[in-house]
Amino acid sequence: MQTTHSAEDLRTQMATVLRAAGSAPEEATTVAENLVEANLRGHDSHGVGMLPRYVEAVLEGGLKPNSKVHIRMDTGTLLNLDGQRGYGQVIGEASMKLGIERAQQHGSCIMTLGNTHHLGRIGHFAEMAVVQGLVALHFVNVLSRPVVAPFGGADGRYGTNPCCIGVPLAGRPPFLLDFATSRVAQGKMRVAHNEGRQIAPDTLIDEHGRPTTNPAVVVVPQSNGLFGALLAFGEHKGYGLAVACELLGGALTGGGTWHKPTDPSVRTVLNGMLTILIDPSKLATQVAFEEEALAFVDWLQAGPVAEGFDAVQIAGEPELATRAQRTIKGIHIDAQTWREIVRAAQSVKVELPMQ
Ligand code: NAD
């Protein structure tokens, strides 16, 4: 069972709940817009379904509404920022504005951000940079529950550590690669579990380290109170990239890495993010960069299309197509996710329609 919602209704409803959970109106609007934007772009894992978790995190004290980004160190091209456990959507945007300014001024900026609550869809931050003509690289770690098993390991030891690269392309939408280093995002397991779907083989192991297709193993505690785990994408290579995200997004930022047993009762999700911004107009390669980038993408897309595919796409294109479609047709939300949103709203004394 699903219900269909317009983006506009969802924005209003989410903002109402966020205000009731303590956010100032501007913060509530920013977070609500960000969540709905994730749904519009096809990433329901990072859309309005996160709201219950955010409300719980506020109520348990791990997420602090109305926090501002704190500058711990600033050399002009190096920024070290602390998110003070604020909403990642707001802290992330404020941090990116600072970093973008510096990259435009100096040609590049290396920015570390620690101790921020869940940043949501990392591509949002790369989009902020590429519309300004900047290249953006992001390496992110997740401090919440170790849901991903190391290559060769049989239990979860770290998070879904996303990596994102945005490259502006002259006269066309950017290359926007944005993915969890687990084979699938944890939030997609929540959505699949809520919809009663099984998952493709080679994605998950259960709480005993055995292969399974049941997403429940990473969503609800299993019979022995333990969770299963997601596997890394790309075997040892994806696993290596995930470790790099932990070392860069967690250790280098000062936000911290994961190295303790799970506490399933904790709802707070903290992210650490290393961001590298480059202004190609400050390098002597601007003309070649534009021409060569376009020539390569055209070359990719001029090749024959394999059976079972409609086209050769580049990263970022699927999200734009989904956005165009969902803006017109609306956003589907499964019944369980909507029930959870309604319950979260009730916990801060807001009544949302049951459908
Ligand atoms: P995904 O597997 O759906 O897509 C990953 C990337 O692949 C996107 O850049 C997309 O444009 C590209 N892509 C998809 N189909 C393609 C095709 N046919 N051809 C070319 N490119 C294609 O993403 P995911 O791993 O499920 O991640 C979803 C979101 O979750 C991301 O936005 C990520 O930032 C976010 N995330 C956030 C956190 C956090 O803690 N904040 C943690 C994990 C993931």
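Order of appearance sets the numbers: ligands from 1, and atoms from 1 within every ligand. Note that the coordinates shown come from a computational prediction; the quantities given were computed from them, not determined experimentally.
- Given atom 28 (C) of ligand 1, the protein heavy atom at minimum distance is His43 ND1, 3.4 Å.
- With distances taken over non-hydrogen atoms, the option nearest atom 2 (O) of ligand 1 out of Lys188, Arg41, His117, Gln186 is Lys188.
- The pair Asp9-Arg11 fails the salt-bridge criterion, with no side-chain N (NZ, NE, NH1 or NH2) lying under 4.0 Å from an Asp/Glu carboxylate O.
- Numbered from 1 in the order shown, with element, the atoms of ligand 1 that lie under 4.0 Å from a heavy atom of Ala185 read 26 (O).
- For ligand 1, the atoms closer than 4.0 angstrom to any heavy atom of His118 are 39 (C), 40 (O), 41 (N).
- Under 4.0 angstrom from ligand 1, the non-hydrogen atoms of His46 all belong to its side chain.
- The only option from Leu10, Asn194, Asp44 that meets the side-chain contact (heavy atoms from CB on, under 4.5 Å) definition with Ile333 turns out to be Leu10.
- Closest protein heavy atom to atom 20 (C) of ligand 1: Gln313 O, 3.6 Å.
- When the heavy-atom distances from atom 17 (C) of ligand 1 to Gly123, Pro318, Gly187, Gly316 are ranked, the shortest goes to Pro318.
- With a 4.0 Å cut-off on non-hydrogen atoms, Val142 touches ligand 1 through its side chain and not its backbone.
- Between the side chains of Glu246 and Asn161, at least one donor-acceptor pair of N or O atoms lies under 3.5 Å.
- Nearest protein heavy-atom contact of atom 40 (O) of ligand 1 is Asn271 ND2, 3.0 Å.
- Of the protein's non-hydrogen atoms, the one nearest atom 43 (C) of ligand 1 is Thr160 OG1, 3.1 Å.
- Close contacts between ligand 1 and Ala180 involve ligand atoms 24 (P), 25 (O), 27 (O), 43 (C), 44 (C) [criterion: under 4.0 Å to a heavy atom].
- Among Asp74, Thr75, Thr77, the one residue that satisfies the side chain to side chain donor-acceptor pair (under 3.5 Å) test with Arg102 is Asp74.
- Within ligand 1, counting atoms from 1 as listed, the ones closer than 4.0 Å to a heavy atom of Gly120 are 37 (C), 39 (C), 41 (N).
- The side chain to side chain donor-acceptor pair (under 3.5 Å) pairs that include a residue from residues 122-133 are Arg41-Glu127, Glu93-His124, Gln104-Gln132, Arg121-Glu127, where partners are two or more places apart or lie in different chains.
- Under the 4.0 Å criterion applied to side-chain N and carboxylate O atoms, Arg323 and Glu37 are assigned as salt-bridge partners.
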Compile the donor-acceptor pairs under 3.5 Å between side chains in residues 340-348 and protein atoms, sequence neighbours left out, one pair per line.
residue	atom	partner	partner atom	Å
Glu340	OE2	Gln336	NE2	3.0
Gln346	NE2	Glu351	OE1	3.4
Ser347	OG	Ala344	O	2.6

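- For Val184, the heavy-atom gap to ligand 1 stays at 4.0 angstrom or more.
- Nearest protein heavy-atom neighbour of atom 34 (O) of ligand 1: Asp178 OD1, 2.6 Å.
- Aromatic rings of His46 and His118 (six-membered ring for Trp) have centroids within the 6.0 Å cut-off, being under it.
- Ion pairing between Asp263 and Arg145 fails under the 4.0 Å rule for side-chain N and carboxylate O.
- Glu319 OE2, 3.2 Å is the protein heavy atom nearest to atom 10 (C) of ligand 1.
- Side chains of Ser67 and Gln84: no donor on one and acceptor on the other come within 3.5 Å.
- Atoms of ligand 1 lying under 4.0 Å from any heavy atom of Leu177, numbered from 1 in the order shown and given with element: 9 (O).
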